[in-house]
Structure formats: structure tokens, C-alpha cells
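Lettering follows sequence order; numbering is per chain, from 1.
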Amino acid sequence: GAGVSQSPRYKVAKRGQDVALRCDPISGHVSLFWYQQALGQGPEFLTYFQNEAQLDKSGLPSDRFFAERPEGSVSTLKIQRTQQEDSAVYLCASSLAPYDPYEQYFGPGTRLTVT
Amino acid sequence: DAKTTQPPSMDCAEGRAANLPCNHSTISGNEYVYWYRQIHSQGPQYIIHGLKNNETNEMASLIITEDRKSSTLILPHATLRDTAVYYCIVRVDDTGGFKTIFGAGTRLFVKA
């Protein structure tokens with residue numbers, strides 16, 4: 001079956017522009033995660049959804065970052081007024097259930113470059 | 001901060017077993033140990049997980065010490081395609097969600 005997909009795969013934005021990154025999780029997966037991965041580092045947690053509820057947004061670095069999952073399926077990560085430090089790969093992952101032990105399935109990521 | 005400690009890099013000869021260690025001395029009784037790997041330019045890929053007992057699947061084996069303070073991921077016959085960054089993770093159940101903290105991982109180089 002289809003895995004987690006993300007679009008676009010690559011995004012170049014000028015500093016100050018707004019961007020929207022899309023994640024299509026595996027159908028039926030309750031949990032959805034967003035991560036930010038800087039070059040040479042491990043993924044860093046941004047936010048977590050259980051169905052449409054955003055239960056943890058403690059990893060969002062600033063109020064310029066906003067995520068939503070209005071119907072409990074597709075999710076969008078929006079970054080307003082992008083800055084150069086926002087350049088990173090943004091990874092989305094989904095899992096079947098909100099409790100252990102269920103593995104997370106990751107998408108290929110969106111590479112954001114802010115110039 | 002990550003709840004796990006891993007060596008930054010390791011080498012392994014092709015065809016030999018790769019043994020990747022992980023320390024998680026502060027693990028709680030109900031926390032699982034998960035291993036993921038990330039091949040260059042791809043998203044992380046789940047490998048295996050365990051709670052107390054040793055586990056084996058088609059990809060790898062996971063050996064967890066009796067006190068659960070450390071574990072070892074074993075790739076029995078490493079191939080060049082196993083070159084990747086390997087992450088050892090223990091789940092952090094916080095504020096009703098499941099914050100997953102990856103850490104820096106171990107970069108495994110499999111050499112011909």
C-alpha cells in the first residue's frame with residue numbers, strides 16, 4: 001500500500017515568505033508527527049496529532065510555525081515569514097495507534113531552503 | 001535531550017555482523033526501545049523494537065540487558081546498503097502525546 005507522502009519534496013523560499021508543507025499519512029493512521037532535521041543532525045520533534053487533535057506542540061520553535069490536521073488525515077505545516085534558520089528537512093511520520101508499541105512510518109521529507 | 005547515548009560512528013566489513021550499542025540508563029519500566037535507521041536523503045525507517053525480551057525480525061536482532069539500561073542492535077550479515085545512521089530511541093510519554101527524541105545516532109559505514 002501507499003506510504004507516507006509529502007509535498008513538495010523541495011521548496012526554495014525567500015526570507016520573509018510564507019510556506020506550506022503537506023503530509024499525507026498512511027490511511028487509517030491515528031497519530032501524525034512532524035519533525036525538523038537540520039543538516040547532519042537527528043530529527044527533532046515539532047508537534048504531534050492524534051486524529052485532528054494537536055496534543056503536543058511543544059517542539060514548535062516559534063509562533064511562526066503552525067500545524068493543522070483538520071479532518072484527522074492530511075496535515076499541513078505552515079511557516080510564516082521564513083528565516084534562514086528555518087532551512088532544514090521537514091519530516092512527517094504517522095503511526096497506527098497513539099500508544100506503544102507502534103512504529104512510526106516516515107515520509108521522504110520536504111527540503112526547505114530559505115535564501 | 002535524548003534519553004539514549006550512542007557512539008557517533010562505527011565501521012563494519014561487508015558480510016560480518018554489525019553490533020550497534022545503545023545506553024539508556026534512565027529508561028522507565030514501561031518505555032520501549034526502538035531502533036530506526038536513516039539512509040542518506042531518505043526518511044527514517046523502522047527496524048525493530050523491544051521492551052524486555054530479545055527480539056528478532058527479518059532485518060535485525062535486538063538484545064536488551066536484563067536491567068534494561070542498555071541494548072545492542074545486531075545486523076547479522078551487513079551489506080553495503082546497510083550504511084546509514086542508526087537511531088536508538090526510548091519513547092517519552094509527555095503531555096498526552098508521544099514525543100519521540102532521536103538524538104544524533106550512530107553513523108555505520110559498511111565497507112567492502
Would you mind checking which part of A:Pro108 comes under 4.5 Å of any heavy atom in chain B, side chain (CB onward), backbone (N, CA, C, O), both or neither? backbone
Using 30° and 60° as the class limits, which term best fits the ring planes of A:His29 and A:Tyr105: parallel, tilted or perpendicular? tilted
Cut-off 4.5 Å, heavy atoms of chain B, and the answer for A:Gln41 is backbone
Which answer fits A:Tyr90, side chain, backbone, both or neither, if we ask what part of it has an atom under 4.5 Å from a heavy atom of chain B? neither
Using 30° and 60° as the class boundaries, would you call the ring planes of A:Tyr48 and A:Phe33 parallel, tilted or perpendicular? tilted
The criterion is side chain to side chain contact (heavy atoms under 4.5 Å, CB included); which residues satisfy it with A:Gln17, sequence neighbours excluded? A:Ala13, A:Lys14, A:Thr82
Run B:Tyr87 and B:Gln38 through side chain to side chain contact (heavy atoms under 4.5 Å, CB included) and show every step you take. CA-CA 8 Å; B:Tyr87 297 100; B:Gln38 188 172 25; 3.3 Å; yes
Going by the side chain to side chain donor-acceptor pair (under 3.5 Å) test, name the single residue among A:Arg64, A:Gln36, A:Arg81 that passes it with A:Asp86. A:Arg64
Between B:His24 and B:Glu31, is the side chain to side chain contact (heavy atoms under 4.5 Å, CB included) condition met? List the steps. CA-CA 10 Å; B:His24 32 78; B:Glu31 287 183 319; over 6 Å; no
Pull out the residues in residues 43-71 of chain B that come under 4.5 Å of chain A, heavy atom to heavy atom, sorted by number. B:Gly43, B:Pro44, B:Tyr46, B:His49
Heavy-atom distance under 4.5 Å to chain B: side chain of A:Gln37, backbone, both or neither? side chain
With side chain to side chain contact (heavy atoms under 4.5 Å, CB included) as the criterion, how do A:Leu60 and A:Trp34 come out once you've worked through the C-alpha distance, each side chain's angles and the decisive distance to 0.1 Å? CA-CA 9 Å; A:Leu60 296 177; A:Trp34 282 100; over 6 Å; no
Is it the case that B:Tyr86 and B:Arg37 place a side-chain donor and acceptor less than 3.5 Å from each other? yes
